[in-house]
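What follows is a single structure, written as structure tokens, with notes after it.
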Amino acid sequence: MLKGIAASDGIGIGTVVTVKHQEIKYEPKQVTDKDGEKSRLQDGIKTFLDKTGKLAEEMEKSVNAKDAEIMYGHIAMMSDPFMGQQMEEQIDGGSCAEAAAETVLNMFRDMFAASEDELTRQRATDVEDIKSRLLKILLGIEDTDLGALPANTILVTEDLTPSMTAEMNHDSVVGIVTESGGMTSHSAILSRALEIPAVLSVKDAVSTLAEGSRVIVDGLHGKVLEAPTDQDVAEYQEKQARFLKEKEALKSYIGKESVTADGLHKEVFCNIGNPEDARTAADRDGEGVGLFRTEFLFMDADSIPSEEDQYKAYKKACVALSGKTVIIRTLDVGGDKEIPYMHIPKEENPFLGYRAIRWCLNNPAEYEKQLRALIRANSDTGENLWIMTPMVTSVSEIKAVRSMAEKICEETGLPVPKIGTMIETPAAFVMADVLAKYCDFFSIGTNDLTQYIMAADRGNSKVAYLYNTYDPAVLRALKRIIGCGKDAGITVGMCGEAAADPLLIPLLISFGLDEFSVSPTSVLKTRAEIARWTKDEADRIADAVMKLETAEEVKEYLDSAVSRD
């Protein structure tokens with residue numbers, strides 16, 4: 001049995017078809033006809049844009065319009081004059097078109113890959129996909145035909161790229177196994193959009209799973225069974241039928257409020273990265289947006305977006321949610337989230353460096369531009385926009401943000417939006433009782449909070465065993481943060497991955513969490529999990545868990561007390 005990340009629910013039983021990424025080789029050469037080489041590059045880019053446009057149209061028909069935006073994002077990136085200019089400058093230096101494209105695209109790939117934020121890191125996959133397809137066009141290499149996959153295919157590959165998704169025959173694929181990717185990678189997002197069971201980050205899957213062999217993909221528990229027996233198949237067919245029945249039952253939660261079994265009101269919000277995602281959040285029955293990551297607006301531009309451009313983006317998200325709360329995080333950039341035009345110096349330890357609110361408060365003109373755009377959008381859309389400040393470590397930072405916002409509102413005559421902070425540092429956790437005096441809400445970022453509490457870089461495989469939200473140290477932090485917020489009478493939400501974890505939901509109910517912000521595809525599941533528990537039942541589980549001493553003990557207990565097969 002192979003193990004990986006359970007990225008898309010369901011059970012797939014079928015036959016392995018391996019898709020290996022083609023090795024792209026070329027001999028870099030110095031060019032003398034620079035104009036001719038630039039023309040060859042531009043012809044390649046034009047062909048790329050034409051092909052990608054057709055793939056996006058196919059994706060709209062076979063997946064949905066939202067997920068086709070990934071391909072339209074590829075078009076936007078390669079249509080950016082800045083990108084073409086950078087490549088032409090490489091040719092001016094003597095590079096051939098292939099080397100010019102590879103150099104520039106590698107620069108962007110590495111910029112995204114360096115981020116500690118997985119949603120940002122997944123953009124490195126986009127760039128790698130773009131690079132591969134553009135180089136194939138320039139070199140005249142034909143792509144593997146994924147449109148003729150046989151029925152009951154278990155697709156096994158290093159990584160499921162957006163272009164592969166657009167090209168493949170989805171009806172034939174019953175399971176996906178990849179060697180890379182996490183819960184928010186494109187592989188996961190696209191697998192869930194297609195409702196195909198998927199297990200990601202399975203080590204050596206391509207070389208281990210034999211072409212034509214029968215396997216079972218358990219997307220519920222992150223398992224891949226090689227050469228299953230007839231008994232295994234029968235058992236998993238039964239699990240598959242049960243899963244489909246439970247999935248159908250989730251539809252009963254559409255349009256309903258999120259409440260516990262004994263009637264305590266909660267809210268299930270969505271995490272988004274751009275204004276278009278807000279429409280998806282609404283379509284998936286999200287009760288609001290718990291995290292709008294504004295850095296993507298900056299990463300998708302070749303200069304800092306104007307106040308007007310930002311205002312339009314924030315307003316668009318609010319309009320899509322029709323008066324529901326939209327929590328927008330101010331620019332979380334710097335250090336490892338490099339944006340070339342911002343010229344932020346590289347640092348030895350970007351996780352603890354010059355980033356987020358630290359950069360913003362040291363660049364007040366740009367930060368005021370963002371605050372003005374947010375304040376205007378809030379005023380124009382029913383005053384449901386909340387401003388969230390990231391990476392706060394001291395009370396002086398949230399005071400400074402509030403002072404800047406109040407000054408802008410005094411000058412414009414517009415109302416002051418609700419202002420809160422993301423609790424994601426040990427300092428913010430320790431000072432939560434004091435921070436609550438100056439905040440209208442808290443939002444807990446469990447991904448970074450876990451990393452910082454445990455002093456374990458979540459990108460370092462050697463200390464990955466320490467990066468665990470089930471650790472009692474992290475759970476004690478969560479309980480105290482929520483308690484401080486409740487004592488101050490402010491709303492407390494959570495926008496990290498833990499908010500959708502069914503094992504943690506009873507603990508979060510017991511601690512008093514108000515708002516669970518999850519991916520749009522997890523809204524109904526999270527609402528259903530909340531509805532399973534009364535406060536008394538959740539309290540009993542929490543009381544037992546808080547007496548345990550290790551993450552392993554916590555996980556084992558929750559597996560037995562909470563899990564359903």
Side-chain angles (χ1 to χ4, degrees), residues 8 53 55-77 119-120 122-123 126 162 165-166 184 186 188-195 250-251 253-258 267-301 305 308-329 373-374 376-378 380-388 493 495 499-500 515-527:
S8 181
L55 286 176
E57 290 173 6
E58 286 299 315
M59 214 167 184
E60 280 187 312
K61 297 173 187 173
S62 59
V63 188
N64 60 49
K66 163 66 185 68
D67 294 292
E69 287 167 11
I70 296 172
M71 300 306 294
Y72 287 122
H74 290 197
I75 293 171
M77 182 175 284
L119 278 172
T120 305
Q122 80 180 24
R123 296 172 72 86
D126 281 316
T165 306
T184 56
H186 282 332
I189 291 167
L190 295 169
S191 299
R192 289 193 291 266
L194 293 166
E195 299 186 333
L250 285 180
K251 293 179 181 178
Y253 289 94
I254 295 173
K256 290 189 176 179
E257 292 186 348
S258 301
E267 290 183 303
V268 179
F269 284 8
C270 294
N271 301 324
I272 66 172
N274 57 56
E276 289 72 27
D277 288 345
R279 181 69 264 161
T280 304
D283 291 344
R284 294 282 186 163
D285 211 32
E287 293 167 278
V289 166
L291 172 61
F292 180 158
R293 300 173 173 89
T294 61
E295 53 269 22
F296 290 129
L297 298 177
F298 291 72
M299 289 178 169
D300 288 339
E308 192 64 22
D309 286 342
Q310 291 188 60
Y311 158 74
K312 289 176 180 176
Y314 307 146
K315 180 177 179 179
K316 183 176 181 180
C318 292
V319 169
L321 268 296
S322 305
K324 296 175 181 176
T325 300
V326 177
I327 301 176
I328 300 183
R329 184 174 70 186
L374 290 165
R376 287 173 57 199
N378 174 61
D380 286 356
T381 56
E383 298 183 35
N384 290 301
L385 185 157
W386 299 7
I387 298 175
M388 177 162 63
C495 54
E515 173 252 299
F516 299 69
S517 193
V518 302
S519 68
T521 53
S522 296
V523 169
L524 296 183
K525 286 173 58 181
T526 304
R527 186 173 294 154

From [atom1] ([X]) to [atom2] ([Y]), nearest 0.5 Å:
X      : Y      : atom1 : atom2 : answer
Ile328 : Trp386 : CD1   : CH2   : 12.5 Å
Ser8   : Glu195 : OG    : CD    : 8.0 Å
Arg293 : Asp277 : CZ    : CG    : 9.5 Å
Thr325 : Asn384 : OG1   : CG    : 5.5 Å
Asp309 : Phe298 : CG    : CZ    : 10.5 Å
Ser258 : Glu515 : OG    : CD    : 10.5 Å

Please give me the minimum heavy-atom distance between [X] and [Y], naming the atom from each residue.
X      : Y      : result
Pro275 : Leu297 : CD-CD2, 4.2 Å
Ala373 : Gln310 : CB-CB, 3.7 Å
Arg527 : Glu257 : CD-O, 4.0 Å
Phe292 : Ala317 : CE1-CB, 3.7 Å
Ala278 : Ala320 : CB-CB, 3.8 Å
Phe516 : Ala499 : CD2-O, 3.4 Å

Practice task
Identify, with sequence neighbours excluded, every residue that meets salt bridge (charged side-chain N to carboxylate O under 4.0 Å, His left out) alongside Glu308.
Solution key: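 Partners of Glu308 by the salt bridge (charged side-chain N to carboxylate O under 4.0 Å, His left out) criterion, ordered by chain and then number, come out as Arg376.
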
Problem - Listed partners of Asp380 passing salt bridge (charged side-chain N to carboxylate O under 4.0 Å, His left out), at least two apart - result: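 Expected list: none.
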
What residues form a side chain to side chain donor-acceptor pair (under 3.5 Å) with [X], not counting sequence neighbours?
X      : answer
Glu383 : none
Lys316 : Glu276
Glu267 : none
Thr294 : Gln370

Exercise for the section: Determine, step by step, whether Ile272 and Thr280 satisfy the side-chain contact (heavy atoms from CB on, under 4.5 Å) criterion, reporting the C-alpha distance in whole Å, the side-chain angles of both residues, the deciding distance to 0.1 Å, and the verdict. Expected result: CA-CA 9 Å; Ile272 66 172; Thr280 304; over 6 Å; no

Once side chain to side chain contact (heavy atoms under 4.5 Å, CB included) is applied, do any residues pair with [X], and if so which ones, sequence neighbours excluded?
X      : answer
Ala377 : Tyr311, Tyr314, Lys315, Leu385
Cys495 : Asn271, Leu291, Met422, Ser443, Ser517
Ile254 : Lys251, Asp285, Leu524
Lys324 : Leu321

Problem - Arg329/Glu295 salt bridge by N-O under 4.0 Å criterion - result: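 Here Glu295 pairs with Arg329 in a salt bridge, since their nearest N and O are under 4.0 Å apart.
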
Problem - side-chain contact (heavy atoms from CB on, under 4.5 Å) assessment of Asp126 paired with His74 - result: CA-CA 7 Å; Asp126 281 316; His74 290 197; 2.7 Å; yes

Problem - Non-hydrogen side-chain atoms of Tyr72 and Glu57 separated by less than 4.5 Å - result: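 Heavy-atom side-chain distance check passes, below 4.5 Å.
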
